[in-house]
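Atoms within a ligand are numbered from 1 in the order they appear, just like the ligands themselves. Sequence positions, counted from 1, serve as the residue numbers for this chain.
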Amino acid sequence: MNILITGSAGFIGYHLALKILKTKSNVIGIDNVNNYYDTNIKKNRIKKLKQHKKFFFYKIDLSEYKKLNNIIKKNNINIIIHLAAQAGVRYSIDQPRAYFKSNLEGFFNVLEVSRHNKIKHLIYASTSSVYGDSKKFPLNEKNTTDFPLSFYAATKKSNEVMAHSYSYIYKLPCTGVRFFTVYGPFGRPDMALFKFTKNIINNKSIELYNHGNHLRDFTYVDDIVDGIYLLIKKQSKKTIPYEIFNIGNGNPKKLLDYLKYIEKNLNKTSKIKNLPLQIGDIIKTHSNINKIKKYTGYKPKTDIKTGIGKFIEWYKDYYKIN
Ligand SMILES: NC(=O)c1ccc[n+]([C@@H]2O[C@H](COP(=O)([O-])OP(=O)(O)OC[C@H]3O[C@@H](n4cnc5c(N)ncnc54)[C@H](O)[C@@H]3O)[C@@H](O)[C@H]2O)c1
């Protein structure tokens, strides 16, 4: 199989590419390597992926439709895993246009190339943020997602409904995957685990929103990747194949407890600067993962103690900290 991963210089795209490269399939990666966070991290991920003979990379933006179309034709792509997006809830408050461009216009181009090239399966990233302020826990795919709290979530919810129309009209097999707070080695510098670890090591204070009372269904990146991979292998039997799945851990933890694990692992305490709850932030996420379990046999394997340990091990090695 020839699998296209959009956002392959990104955190999840990199890990997914590594997993697929262990199989017989070729991975064709695209990414615009934008500077939302340190581009060296993205370049180093690509460098590692390029060590594999079955990995091919193109630096393009999702808005470059013709180039995208040519890459798909030239590489005989069967499956697209669409992970490229402007991520981050807080950044969407100041920069909504970046989300409009990558997540709406960009996603439209992905749908268009998929239909014109008769792609067998389009799997695209959505987010737990689409549940907004839903209080029906654990969050199940049938819960309402009509009231997103951030523009980021609004673009992801839009992707789900756009995909539905393409699957209905053009019979394009589409699967949306709602990820729950993903963490792990080579993770994103804008996310809590990276920021906390960096500041604790450098004796700087950490910014803790809502006194760390958020509950998050932290999911280790290898579990997310396993979930996606199980869905790649499973073919839909429906005539209008359209599915949405949560991919989470199913075991939420308080942000403050997450921080305690980091402190314990680093054997250091943090200096905390408490900040109020940010607009657009969700207090609690907790995934119901029964649907993907039943459909694919998905089972998350990594608890936060182990996962945080693996991240810190990577961080120290990457930044050469003793
Ligand atoms: N990490 C999480 O906790 C999480 C949770 C829920 C959903 N998601 C979603 O999963 C996907 C992957 O997230 P991630 O954590 O790996 O983020 P990431 O930012 O590390 O990866 C996204 C990649 O997409 C690329 N990109 C962005 N806009 C592009 C464009 N217009 N054209 C080409 N490339 C573009 C970026 O350069 C980046 O390398 C995203 O769609 C994100 O919204 C992530």
task = Would you mind checking which non-hydrogen protein atom is closest to atom 3 (O) of ligand 1, with the distance to 0.1 Å?
result =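 Nearest protein contact, heavy atoms only, for atom 3 (O) of ligand 1 is Val182 N, 2.8 Å.
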
key: Per-residue contact class, Thr181 against ligand 1 - non-hydrogen pairs under 4.0 Å   =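 Backbone only; the side chain of Thr181 stays clear of ligand 1.
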
request  = Would you kindly specify which portion of Lys156 sits under 4.0 Å from ligand 1, judged on non-hydrogen atoms: side chain, backbone, both or neither?
outcome  =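 Side chain only; the backbone of Lys156 stays clear of ligand 1.
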
task = Would you mind telling me which of Phe311, Phe194, Tyr220 makes a ring pair (Phe, Tyr, Trp, His ring centres under 6.0 Å) with Tyr183?
result =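 So the option named by the test is Tyr220.
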
inquiry  = Does ligand 1 come near enough to Leu62 that some N or O of the ligand is less than 3.5 Å from an N or O of the residue?
reply    =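 Between Leu62 and ligand 1, an N or O pair is found under 3.5 Å apart.
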
key: Polar atom proximity, Ile12 to ligand 1 (N or O, under 3.5 Å)   =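 Right, the criterion is met.
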
query = Considering only heavy atoms from C-beta outward, does the side chain of Phe11 approach that of Arg45 to under 4.5 Å?
reply =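 In short, these two side chains touch, coming nearer than 4.5 Å.
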
ask   = Relative to atom 18 (P) of ligand 1, which among Tyr37, Tyr124, Tyr36 owns the nearest non-hydrogen atom?
value =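 The residue whose heavy atom sits nearest atom 18 (P) of ligand 1 is Tyr37.
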
message = Judged on heavy-atom distance to atom 42 (C) of ligand 1, which of Phe179, Phe107, Tyr152, Phe11 sits nearest?
response =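 Of the listed residues, Tyr152 has the closest heavy atom.
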
request  = Look at Asp146 together with Lys157 and state whether they make a salt bridge at an N to O cut-off of under 4.0 Å.
outcome  =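 A salt bridge is present here (some side-chain N lies under 4.0 Å from a carboxylate O).
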
key: Cationic N near anionic O, under 4.0 Å, Asp281 to Arg90   =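 Looking at Arg90 together with Asp281, the answer is yes, because their closest N to O distance falls below 4.0 Å.
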
message = For Phe186 and His15, I'd like to know if the aromatic rings sit close, meaning centre-to-centre distance below 6.0 Å.
response =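 No - the distance between ring centres of Phe186 and His15 does not fall below the 6.0 Å cut-off.
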
